[in-house]
Structures are given as structure tokens and as C-alpha cells.
There are 2 protein chains.
Amino acid sequence: MDAKTLCLAVLSQGDASGYEIRKAVQSGPFGHIQDIGYSSIYPALSRLLDDGLVSVTEYVQEGRPDKKVYRLTADGRMALLGALQEPTEPDKTRSDFLFRMLFADILPPSVVEQMIDERLEEIQTVIKRTETRTKAGFQSTGDAFLNGFAAAVQHAMADYIEDNRYQLVGSSLVPQRAVAE
Amino acid sequence: MDAKTLCLAVLSQGDASGYEIRKAVQSGPFGHIQDIGYSSIYPALSRLLDDGLVSVTEYVQEGRPDKKVYRLTADGRMALLGALQEPTEPDKTRSDFLFRMLFADILPPSVVEQMIDERLEEIQTVIKRTETRTKAGFQSTGDAFLNGFAAAVQHAMADYIEDNRYQLVGSSLVPQRAVAE
DNA sequence: AACAATATATATCATTTTGAAATAAATAAG
DNA sequence: CTTATTTATTTCAAAATGATATATATTGTT
């Protein structure tokens, strides 16, 4: 999703500043499937404001920039509804980890081992996060669905990696020291 | 991975033109985890050429632009090796489908149904592609690992969606016409 | 108590990436 | 015979990314 739609989506769950939108995306249900930085959020909010899809209230603060809290307008709500019904593009995954595994043959086994261990830890972290969220309860059906989805996929990944890592490291053609001979 | 590294990676498996690099990424093992368009490839190749990481041979053709076939240089091979050992950033998924499922409550059930069916079909397509690739054999250990990984994850996703779709559609709070009042 | 780290909050900039279109002919499919 | 696909590169506007700047309150650590 583009930054504008993502902002609309977050705002549909409650008013928020740009800063808070970021937090919501990072730690909320969107976290598994989207990422966004300030440099996308703030321009997006400006354009949404120009287009009348959000309104803003400025809270003067001392010590930090004034907080601008955005709220979805009726038009904004319609725009979100519209965007949600546009054709979906296929899911995409970017995996630095798998990219490297493609070259496991030419990497030192110890490096491959470490990458695998790190990836497994990452997965465990995500799994724990989904469990925490499950215990905390869900705001919507979709939220629950997504959390379960994430858990299922993460488990499948961890299982596969654990069951097949030996293929990558066991068969390496480049033992750590043999080359020098 | 950035476009340059991805080009180096493809070229490490054999010489190729920009056009062929795209094809290789689309249909090869990279396909599951990377995507790249011409508008990223060609500038990347230019920069790699400037940096001496690839060399080029131009084949004059009639009827279509001259074909420029790129080849990894020794420096290029080293650069790839280096890039592969840089710290990996966490995997990322972008899912238009899941994004929409978060809002299943406020979408017409028929629309949600259709999105789910389409997504399941997409998954089946990917599964078939992995099966084809499995039968065709693999170029490397990593290739086999990745194919199996993709298969495992796709199956997990399909299973989860099939087992839990009723949650999304059964419980819709917004029957198709109620909003207008 | 002093100090470091993190959280709050927005803005901006250069670099990359993306998606689309322009161009043009050969080849495959119907 | 006509249409669709494949081959092949280039270019452009729009969007996203990552980093940095700014400045203070709050929390955590020794």
C-alpha cells in the first residue's frame, strides 16, 4: 500500500500524529505486512490534508515541535473504503537471508551458520510478539486473522529452516581452512 | 538487496543482458524474494560498469536495440562476495491481501470472499511453479533450499487461509447496504 | 546525583526504487 | 492473416528510503 492509504488506514482507528502513526504501524497489526518511515508519512499527511481527506489540530508544546494531530474526514473515510476495494497486487517478500542462502556454497560455513541462527532468533522474536498480541486481545476480526496468519507462517519458516539447514552447511564446498593448501 | 548487488548475483551465474537479468530474476530462484524492473537494472549496470565490476560486449542487432551482454569482472566477483557477508536486514513482507483482510469487517462479504479466492489461486500458482522447478533440478544447494522454503511457506499460508476464512466472512458487521442510512 | 539512553515530534535532503510509456521489429499463436 | 508475445533499451515523473538535523522530556543506569 502507498503511504497515503496506510496513513488513512491508521487514522481510521483513531486520531494520531505522524509520529504516532509510525508507532502504530511498527507495533500494531500492520507491522507484519507494512513498513513506513517519517519521510514517507509527513509528505503523505500534507497531501491528504491538501486533498481534504484529513483535518488537523495543532497542539502547541514546549521543548518539542508542536504536535499535529490528524483526523479522518468523511471524504477520507470514503477514500479508504475505495482504496481497499481496488485490485490487490500480489504479495511480495524481500529476504536478505534467503538471498544469502542461495550462495551458501561459496560462503564460509561459519558465516552461513551464524546467519541461520540469527534468522531463527528473529523469527522467535516475531513469534513472541504475536503471542503477546494474542493475549492482549484483538480490535477486530481481521486483526485476529492476521495475527494467526503471522504465527502460522513464522512457525512454518522456523520448522523448515531447522529441518533443512544441514543441507546448506553440511555440503559446503569451501571448508574454512582447506583453501590455503 | 539493492539493484546493483542483485545484478552482480545474476551475472555470477553467467553473462547476461539487462533484459535477460530481468527474466532470470522473475523466473529463477530469486523470484520468490526479489523483484526488479528495467528502470532499476539499466542504471545499476551503468554504475557497475563505471566501477569496473562488470564488463560489456555489444552485439549489433537489426530491428531491436543492440544487445549489451555484461560479464562479471574479478572485482565484481569480490564485490558480490563482500556484499553477501554484510549484515542482513530483517525479512519484509508486503501484502495487499492481508492489509485488506484487516478491514474485512467493513468490506462487503462478497468482496472479501473474492479476495480470498484470488489469493488462494495465486498461492496455488506459486506452488506449481516450485514443483516445476523441483522436477527440473537445481543449480545449487541454496537453490534447492530456497525452493523447499517457498513451498513450505506457501502451503502454510494456504492452509491457514482455508482454515480461518470463515472468521472473516462469517462475522461481517456491515451488510452490503446498511451504510447508506 | 550524574550521565546515558530512549522517547517525543517534525522536517528535509540526496539517493534509490518504482511504474509507465516510448520505440520498433521479430516471432509465436490463434 | 492478424493478434499477442517476446526481444531490447531508454527515459521520466512520482514515490519510497535512509540518514541527518533539531531539541527537550523522561526513563534507566551506575
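Residue numbers start from 1 in every chain, and the chains themselves are labelled A, B, ... in the order their sequence lines are given, proteins ahead of strands.
Between A:K92 and B:D35 there is a salt bridge, since at least one side-chain N of the basic residue sits less than 4.0 Å from a carboxylate O of the acidic one.
Within the 4.0 angstrom heavy-atom criterion, no nucleotide atom of any strand lies near A:G37. Residue B:R94 is in sugar-phosphate contact alone, with no base atom involved, counting any heavy-atom pair closer than 4.0 Å across all strands shown. A:A44 comes within 4.0 angstrom of nothing in the nucleic acid, heavy atoms only. If you check every strand for non-hydrogen atoms under 4.0 Å, B:K23 touches sugar and phosphate atoms only. Base engagement by A:S40 is indicated by at least one non-hydrogen atom pair under 4.0 Å involving a base atom.
Here the nucleotide nearest the side chain of A:S39, chosen from D:dC12, D:dT17, D:dT9, is D:dT17. The nucleotide whose nearest atom lies closest to any side-chain atom of B:D2 is, among D:dG18, C:dT17, D:dA16, C:dT17. The side chain of A:E20 approaches C:dA9 more closely than any other nucleotide in the set D:dT10, C:dA9, D:dG18.
Distances shorter than 4.0 Å separate some side-chain N or O of A:R47 from OP1 or OP2 on D:dA15. Side-chain nitrogen and oxygen atoms of B:Y42 include none within less than 4.0 Å of the OP1 or OP2 phosphate oxygen of D:dT10.
Smallest separation of non-hydrogen atoms from A:F145 and B:Y160: O-OH, 2.8 Å.
When each of A:Y38 and B:S17 is assigned the nucleotide of DNA chain D with its nearest heavy atom, B:S17 is the one assigned upstream, toward the 5' end.
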